[in-house]
Amino acid sequence: RGSNGNGVAGMGGIAGLCKSLAREKTDLHVRAVDLDPPDGAQAMAEHILAELLAAGDEVESAWRGGKRRVLHLEEAGLPELDGAPGGPRKDAVILATGGARGITALAVRELARRHACIFEIVGRTPLPGPEDPALAGLEDEPDLRRALLELMHGAAPREIEAELRRIVAEREVRATLASLEEHGATVRYRTCDVRDTDAFGALIDAIYEERGKITGVIHAAGVIEDKLVSDKSRDSFQRVFDTKVSGALVLAERLRDDVEKVFFFSSVSSVFGNRGQTDYAAANDVLDKLALLLDARIHGSAVSVNWGPWGGAGMVSGELAREYERRGVALITPEQGVARLMDEICRGDAAQVVLMAAFDETREANQTAPAAGRA
């Protein structure tokens, strides 16, 4: 991670995995220890022994020059704008992964409202054509489901649900692209699975060839398939991990040093761990470490945003939202999340930022409470 160790970003995922594993295997002593080879074999052996005997509850630690280091969160206010509004210029080229849906859609819509620049949107969902007239005007999912039952007579329930999800996804893509254009932005949607490193790398090269630059990046691609590590398959782990990490590593390799802002959408699971999310925590931890490396290389800044769970957007289902409520975990509202992201885009100065919501005394969701962690 930068000045400590060999700077191999992919190794950062080990700490995130261990943090989630520690929450699942509470009877185990789980540690991720970052050692510095120049300290020498004898010193590193002593450091490992010290970790084995340590009584603290930190899962992640690092040793350098004989001194132990751990990460702590601290509340971090935002710097002043110095009078001039921040944010991208009208000729800025913004590359956003994660499709024109979910949190990505909210982010680019607000950016377009404030700064009508040029957007290159990358998603797995193929660019949708016109919708079936028989379904037009049916907004509620129960109405859509009933219409699909008639149109797809004899289809299995899972086929009906898959078609329903496809229609809803395509509608969100259309709405997002239309919104960007309504705000005066130039937008192009490109279909690409960011796990295909060759295809994604070629896409980045093509944008540079056609636009001449990439000013900013929002890397928000991600999937979750939560299961305890004892029940998780290799294929599932790889799918969750690669969706986050493969695209991020391609970006780090292909982006030129003149890029001004790079945002990785990470998760609090990489900071605190979360049961059932060893894969997701590992992937996001790589993004956290990669942001630190990239921030030191490019002329602009790279930021990993460790988001808490969102309500009404993102990957939190209704069932999961109820579970978060039971556990006392507040959800970030779309309005709060977008507002804080715009703050970071305009005037943030940390390479890693944790953004979570908190409940006030009446159990109403309070404003997001930021904390910045620096390695």
Side-chain angles (χ1 to χ4, degrees), residues 94-113 119-152 155-183 185 187-196 199-200 203 218-226 235-236 239-240 242-244 246-247 265 267 280 283 307 309-321 331-334 337-338 341:
I94 308 299
L95 168 62
T97 72
R101 303 176 55 209
I103 294 176
T104 309
L106 295 174
V108 296
R109 282 188 179 199
E110 183 62 14
L111 267 178
R113 188 185 71 81
F119 291 91
E120 296 279 354
I121 312 293
V122 180
R124 287 184 299 170
T125 302
L127 186 64
E131 187 170 272
D132 187 330
L135 303 176
L138 299 178
E139 298 296 332
D140 295 332
E141 287 195 8
D143 293 337
L144 270 174
R145 190 174 287 109
R146 283 191 289 270
L148 289 173
L149 284 170
E150 295 181 9
L151 291 172
M152 302 171 64
R158 65 178 180 275
E159 294 174 321
I160 299 291
E161 291 305 309
E163 182 65 9
L164 176 64
R165 289 194 299 271
R166 184 190 67 81
I167 291 169
V168 171
E170 289 187 350
R171 285 181 173 182
E172 189 173 1
V173 170
R174 289 193 198 93
T176 299
L177 299 181
S179 175
L180 297 182
E181 292 175 348
E182 287 172 4
H183 289 305
V187 58
R188 176 162 42 187
Y189 183 88
R190 298 176 182 260
T191 304
C192 180
D193 187 339
V194 296
R195 293 178 299 173
D196 186 336
F200 188 43
L203 186 152
I218 296 175
H219 179 50
V223 296
I224 55 172
E225 299 178 14
D226 292 359
D235 287 344
S236 176
R239 187 162 47 247
V240 172
D242 287 351
T243 301
K244 283 277 185 184
S246 294
F265 278 17
S267 165
Y280 195 62
W307 289 111
W310 285 53
M315 302 177 184
V316 176
S317 63
E319 181 180 353
L320 188 54
L331 302 182
I332 300 171
T333 68
V338 168
L341 178 63

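If you read the sequence from its start, that first residue is 1, and numbering goes on from there. Computed from a predicted structure; not experimentally measured. Only this structure's heavy atoms are used, side chains among them; waters, hydrogens and symmetry mates stay out.
Considering CG of Leu148 and CD of Glu159, their distance stands at 11.5 Å, rounded to 0.5 Å. Expressed to the nearest 0.5 Å, how far OG1 of Thr104 lies from CZ of Phe265 amounts to 6.5 Å. The distance from atom CD of Glu131 to atom CD1 of Ile167, rounded to the nearest 0.5 Å, is 6.0 Å. Rounding to the nearest 0.5 Å places CZ of Arg166 at 10.5 Å from CZ of Arg171. Between atom CZ of residue Phe200 and atom CZ of residue Arg190 there is a gap of 11.0 Å, rounded to the nearest 0.5 Å. Remark: Ile218 CD1 to Ile121 CD1 distance equals 8.0 Å, nearest 0.5 Å.
Judged by distance alone, the side chain of Arg174 and the main-chain N or O of Gly129 form a donor-acceptor pair under 3.5 Å. Side-chain N or O atoms of Glu181 include none that pairs as donor or acceptor with a backbone N or O of Val187 at under 3.5 Å. Judged purely by atom type and a 3.5 angstrom limit, Thr97 uses its side chain to pair as donor or acceptor with the backbone of Ala220. Between the side chain of Ser179 and the main chain of Ala175, no donor-acceptor pair closer than 3.5 Å is present. Checked by atom type and distance alone, the side chain of His219 pairs as donor or acceptor with a backbone atom of Lys244 at under 3.5 Å.
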Arg195/Arg124 under side-chain contact (heavy atoms from CB on, under 4.5 Å): CA gap, chis, key distance, verdict | CA-CA 10 Å; Arg195 293 178 299 173; Arg124 287 184 299 170; 4.1 Å; yes

Atom pairs and distances, side-chain donor-acceptor, residues 133-144, under 3.5 Å, sequence neighbours left out:
unit_1	atom_1	unit_2	atom_2	d
Asp143	OD1	Arg146	NH2	2.3

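Closest non-hydrogen pair, Ala107 versus Leu341, comes out as CB-CD2, 3.5 Å. For the pair Val108 and Ala96, the tightest heavy-atom approach, listed with the atom from each and the gap, is CG1-CB, 3.9 Å. Trp310 and Leu106 make their closest contact through CZ3-CD1, 3.7 Å (heavy atoms, listed as atom of the first residue, atom of the second, distance). Looking at every heavy atom in both residues, Glu225 comes nearest to Ser236 through OE1-OG, 2.6 Å. Heavy atoms only, all atoms of each residue included: Thr176 and Ala105 are closest at OG1-CB, 3.4 Å. The shortest non-hydrogen separation linking Ala100 to Tyr189 is N-CE1, 4.0 Å.
Scanning for side chain to side chain donor-acceptor pair (under 3.5 Å) contacts around Arg145 gives Glu161, with sequence neighbours left out.
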